Amino acid sequence: MRAYKVVVEKDYLVFAAGHFITYDNQCEALHGHNYRVRVELEGDLDENTYVFDFVELKRIMRRLVDEIDHKMLLPLENRHLTVSEEGKGIRVAYRDREYLFPREDVVLLPIPNTTAEMLATHLAGRLKKELAARGAENLTALAVEVEESFGQSAWYREELRGAS
Ligand SMILES: [Zn+2]
């Protein structure tokens with residue numbers, strides 16, 4: 001069996017964002033990271049002997065990363081947080097702690113928590129849609145790594161079709 005994979009690496013795909021995570025009965029203080037992203041696409045070779053064009057993959061990923069760069073990332077599916085629109089802002093509450101952010105500084109994500117695992121899942125979902133729109137049927141798997149600090153990262157990997 002032979003396998004091919006293309007990789008777009010972290011140093012090119014950096015985003016800075018604010019977040020906090022709820023865990024057990026606690027909520028982190030608001031803070032930020034310089035996140036770094038790595039993407040891997042596995043698949044058969046296409047007629048150009050590519051798995052996927054690097055230039056195109058970098059262009060897609062740069063755009064997806066830009067969507068969350070210099071933003072406050074808030075999860076919409078966290079049952080410990082109350083997120084609501086208020087005038088021109090987004091209010092988020094955890095027990096008696098409240099934040100009010102300008103709407104344009106916030107990205108609301110359909111995830112339960114802004115962990116590196118969930119940010120990787122989110123980016124993979126966005127990438128999967130972009131790939132599907134391009135009809136990249138030779139691809140067999142995609143994986144996204146989100147590193148929130150040096151040596152500390154999470155991976156999400158998804159098979160795109162059954163083994164052929
Ligand atoms: Zn953090």
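If you're wondering where the values come from, they're calculated on a predicted model, not measured in any experiment. Order of listing sets the numbers, starting from 1, for every ligand and every atom in it.
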For this session: Consider only side-chain heavy atoms of I, L, V, M, F, W and Y, link residues closer than 4.5 Å, and tell whether Phe54 and Leu127 are in one cluster.
Result: yes
Exercise. Just wondering, more than 12 heavy atoms not from Tyr50 lying within 6.0 Å of its OH?
Worked result: no
Exercise. Looking at Leu81, Ile111, Leu109, Ile90, which one forms a side-chain contact (heavy atoms from CB on, under 4.5 Å) with Leu74?
Worked result: Ile90
Exercise. Can we say Arg79 and Glu77 salt-bridge, meaning some charged N sits less than 4.0 Å from an Asp/Glu carboxylate O?
Worked result: no
Exercise. When rounded to the nearest 0.5 angstrom, what is the spacing between CG in Leu57 and CD in Glu130?
Worked result: 11.0 Å
Exercise. At what distance, to the nearest 0.5 angstrom, does OG1 of Thr22 lie from CG of Asn78?
Worked result: 3.5 Å
Problem set entry | Protein N/O/S atoms closer than 2.8 Å to the Zn ion (ligand 1) | His19 NE2, His31 NE2, His33 NE2
